[in-house]
Amino acid sequence: MSACVPAHADSARTEHVHPPHSPPPRGPRRFRVAGADVSASIAVFLIALPLSLGIALATGAPLQAGLVAAAVGGIVAGRIGGCPLQVSGPAAGLTVVTADLIQQYGWRTTCAITVLAGLAQLGLGCLRVARSALAVSPAIVHGMLAGIGVTIAVAQLHIVLGGTPQSSVPDNLVALPAQLANLRPADLAVSALTLSLLSLWPRLPGRAGQLLGKLPAALIAVAGATAVAAVAGLRLPKVDLPSWSSHALATLPEGPVLGLVAAVLTTTLVCSVQSLLGAVAVDKLVAARPGLTGRVKRSDLDRELLGQGAANIVSGSLGGLPIAGVAVRSTANVAAGAVSRNSTMLHGGLVVIAALLLVPALELIPLASLAALVMAVGLKMISLNHIRTVTRHREVLVYAVTTAGVVFLGVLEGVALGIAVAVGVALHRLTRTRITHDETEGVHHVHVRGQLTFLAVPRLSRVLHQVPHGADAVVELDGSFMDHAAFETLQDWQKTHTAHGGAVDVTGRRPGTRISEPADTDNCRCRPWTPWRNHQCERPPTAPPTGAARPDSAGDTDAVTGASGRTDLAGRAAQADVAGPGRTEGTDGPGGGRELARGISAFQRNTAPLMRGELARLAREGQQPSQLFLTCADSRVVTSMITSSGPGDLFVVRNVGNLVPLPGEEGGDDSVAAAIEYAVEVLKVRSITVCGHSGCGAMQALLSAEPGGAQTPLRRWLRHGLPSLSRVPGGAGADGADGADGYTDAGPRLAGRPAADTAEQLSLVNVVQQLEHLRAHESVSRALRAGDLELHGMYFHVGEAQAYLLAEDDGGAVFRRVLETDVTV
């Protein structure tokens, strides 16, 4: 028997059913629905059912049209759309548009307009212009929704009072007094009950309120009002759902061509903008839900347009209302825990079932209850939060004009009017620049508020020439744009002013704003956290020494200039303060007092205004740091940067080698012990962190030290690191002491890789050893026993910009990397 054949093999069993080295073929894919999607679909269905009927009532369309739109929006838009968790259907934002179309062209032509609007949305989706729709000012969108909300509320108020609404807001307002005189108490009572339940249901107190509050308030309000009306035997106009066999479908549009085109454009605009803004809002809701971001993709807005277009084509063809993304239902879908588009599609299926099987129950609903529900939805569209937002951004005029235009003229006219006002406001802001001049303590300040364009050049030139020759001047630019004409005007004036012995400092809202020669601009290398010498933007080597007077072609002398190539008034004043007796101003080389003074000047100019309020609070309340951070004096270890902390967060102790001398040791250092005692006993810090780092000079000095030699201050200080040295394999331990925690030659290590060299291994061991020294201090030991203090070890690799935290595992102490995913909010 061949050795290649198994002894007990069956040829039928060993036959390959798929190619070797390939995965086995998968069986037919099964459709699975998560339980979260099922529960979310039920919650959305319970909200959509009464709202769909109410919106259909508000538009004057057949009530079945609302159910058709809800079903098609859930199934078609939910399956094709680019926002998986957005729920589409008949929207309150489309009520006014649809009502105008029905009144002007009739229901069947309105259905045809819906189909044409869907085709237009398909075209826009294919052209991939969805992002362009988001360029519309939020003030216009919020104003449009507010105007629609006002129109809905005023119209439905007549039904709430037992009457019939008119065709426009002015007509409804004119007819309101007569309606109030002839109100029907039964309709008003049912409407009041609906509004009361809608408002009070989410506010039920106690545990019962938490359980009952999961039921949609809209469903409870309509169901409660319906039940009361039925029990009381009230005679009210109720929902009338004719037989589906007589349901009106779309027909060829009839009417003037221009009017039909305008109607299609209006429907397309409102449907598209509302759906796209809703998709963006749903993305924000998804991002706020932990664990959902990775499972649900961000919205594909072009695909969302395609889905909305397909849904409108189907809805219009089947005699349904226009469709758009609905904020209320989408929010409920996300809040109910939906994880995929299946919840939206299931909700559409439930609407179909209800439309076929629940007709007798639906026909018990009073129209006044549905009108009250829709009126409440309309009032919510007038958001006080939106009004505060547009007021803060100085766009309340755009908001007000758009709202008034929608209310009194129509949706398309109101939006067009809002866009015109928004463009006018933008042009006004671009051309409106405030330029002022004042003098404080001999320094002339020129303040520029707004954008500097060629239109502001005459005023800018006039104000700049008010500054006397030879005076110190500061030009403050408070704007984000400066065109070429304004730049040249400011630069030419600066050259002329400095040539006459004056000094100019140009500042802006952003650090680094300056007016300078092109050569100096090329030499500037200002970047966050760049080395200090580069961050100061030094002049080319061929330039004369900073602060030295040099003759120009006219025989005059230049003023003292900053290293950036511009006249630096603050830097010159600070330099005079730090020059000191017997020292010539401006003779400091790189790294001297000049750099320090200029750094302080930059802080006072750029950072101090932002921090002044917080520092003033800390000055009043005193320091209350949360932890003591003990690290090396190495200039590359920036504690605030690597811990993302600010003023008042850390109590920092720095010394060569981040050493903690044992208490009472001969030659010990009381300064470190005093800082530890003060932090633990007085400041009540909750943790102490000992931080070592790569490339530590103290550790390298310990490794290279030879026995004997002169006892310099540095050698006497480094003797506190000898216990750490003794724990490194091959380390000298004449004066050291073995650790008491069981770490042997293996010692602490970095997770994922071995130590790069002996110096790095010593740095890791030193962190562990200094933590042991900390426990020997009485104040630390007492706080540890009481459970009021924690000790942490940390290692920072400078070259990698990577932090490691000390942890324990079965193999001993290990420093593990700290990643972004390690901390969740």
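Just so you know, these numbers use all the heavy atoms, side chains as well, and skip hydrogens, waters and symmetry mates.
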Spacing of CG belonging to L57 relative to CD1 belonging to I365, to within rounding of 0.5 Å:
11.0 Å
Could you go through the side chain to side chain contact (heavy atoms under 4.5 Å, CB included) check for L219 and I47 one step at a time?
CA-CA 6 Å; L219 177 68; I47 296 174; over 6 Å; no
Looking at side-chain heavy atoms only, is the closest gap between I140 and T402 below 4.5 Å?
yes
Verdict with reasoning, L212 to W201, per side chain to side chain contact (heavy atoms under 4.5 Å, CB included):
CA-CA 8 Å; L212 296 176; W201 187 259; 3.7 Å; yes
So, the side chain of T114 versus the backbone of T110: is there a donor-acceptor pair under 3.5 Å, distance only?
yes
Are more than 12 heavy atoms, taken from residues, nucleotides or ligands other than E254, located less than 6.0 Å from that residue's CD atom?
no
If every non-hydrogen atom of L306 is compared with every non-hydrogen atom of C126, which pair is closest and at what distance?
CD2-N, 3.9 Å
Is any side-chain heavy atom of T344 closer than 4.5 Å to one of L85?
no
At their closest point, which heavy atom of V406 faces which heavy atom of V415, and how far apart are they?
CG2-N, 4.5 Å
From CG (L370) to OG (S191), nearest 0.5 Å:
10.0 Å
Is there a donor-acceptor contact under 3.5 Å from the side chain of H386 to the main chain of I382?
no
Would a distance-only check, ignoring hydrogens and angles, find a side-chain to backbone donor-acceptor pair under 3.5 Å from S315 to A311?
no
Compare all side-chain heavy atoms of L176 with those of H158 and state whether any distance is below 4.5 angstrom.
yes
Less than 4.5 Å apart, side chain to side chain, heavy atoms only: is that true for N312 and V115?
no
When you look at L305 and S275, which way does the side chain to side chain contact (heavy atoms under 4.5 Å, CB included) test go after all the steps?
CA-CA 8 Å; L305 267 185; S275 299; over 6 Å; no
Just wondering, more than 12 heavy atoms not from R298 lying within 6.0 Å of its CZ?
no
Any side-chain heavy atom of C271 sitting closer than 4.5 Å to one from Q308?
no
Just verifying a value: how many Å separate L318 CG and L67 CG, rounded to the nearest 0.5 Å?
13.0 Å
Can a donor-acceptor pair be found, under 3.5 Å and without considering hydrogens, that links the side chain of D187 to the backbone of L183?
no
With a 4.5 Å limit on heavy-atom distance, are the side chains of I148 and M144 in contact?
yes
Is it the case that atom CG in L357 sees more than 12 heavy atoms from other parts of the structure closer than 6.0 Å?
yes
If I compare all heavy atoms of Q179 with all of G162, which pair ends up nearest, and what's the gap?
NE2-C, 3.9 Å
Heavy-atom pair of closest approach, residues Y399 and A146:
OH-CB, 3.2 Å
What's the spacing between L119 CG and T268 OG1 if we round to 0.5 Å?
9.0 Å
Measure the CD-OG distance between Q64 and S52 for me, rounded to the nearest 0.5 Å.
13.0 Å
Is a donor on one side and an acceptor on the other found under 3.5 Å between the side chain of T331 and the backbone of A327?
yes
Residue pair V398 / A139: nearest heavy atoms and the distance that separates them:
CG1-CB, 4.0 Å
Of all the heavy-atom pairs spanning A43 and A336, show the shortest one and how long it is.
CB-CB, 4.2 Å
Determine whether a donor-acceptor pair (N or O, by modelled atom type, separation under 3.5 Å) exists between the side chain of T151 and the backbone of V407.
no
Intermediate values then yes/no, side chain to side chain contact (heavy atoms under 4.5 Å, CB included), V222 and L53:
CA-CA 11 Å; V222 174; L53 293 173; over 6 Å; no
In the structure I gave you, are the side-chain heavy atoms of T109 and L260 within less than 4.5 Å of one another anywhere?
yes
From L321 CG over to I55 CD1, what is the distance, rounded to the nearest 0.5 angstrom?
8.0 Å
Contact between L161 and L188 at the side-chain level, heavy atoms closer than 4.5 Å - yes or no?
yes
Is it the case that more than 12 heavy atoms not belonging to R108 sit under 6.0 Å from its CZ atom?
yes
So, R341 side chain and G78 main chain: donor-acceptor pair closer than 3.5 Å or not?
yes
Would you check if the side chain of T95 reaches a backbone N or O of T59 as a donor-acceptor pair within less than 3.5 Å?
no
Any donor-acceptor N/O pair, S330 side chain to V87 backbone, under 3.5 Å:
yes
Residues, nucleotides or ligands: over 12 heavy atoms within 6.0 Å of L258 CG
no
Using a 3.5 Å distance criterion without hydrogens, assess whether the side chain of N172 forms a donor-acceptor pair with backbone atoms of P165.
no
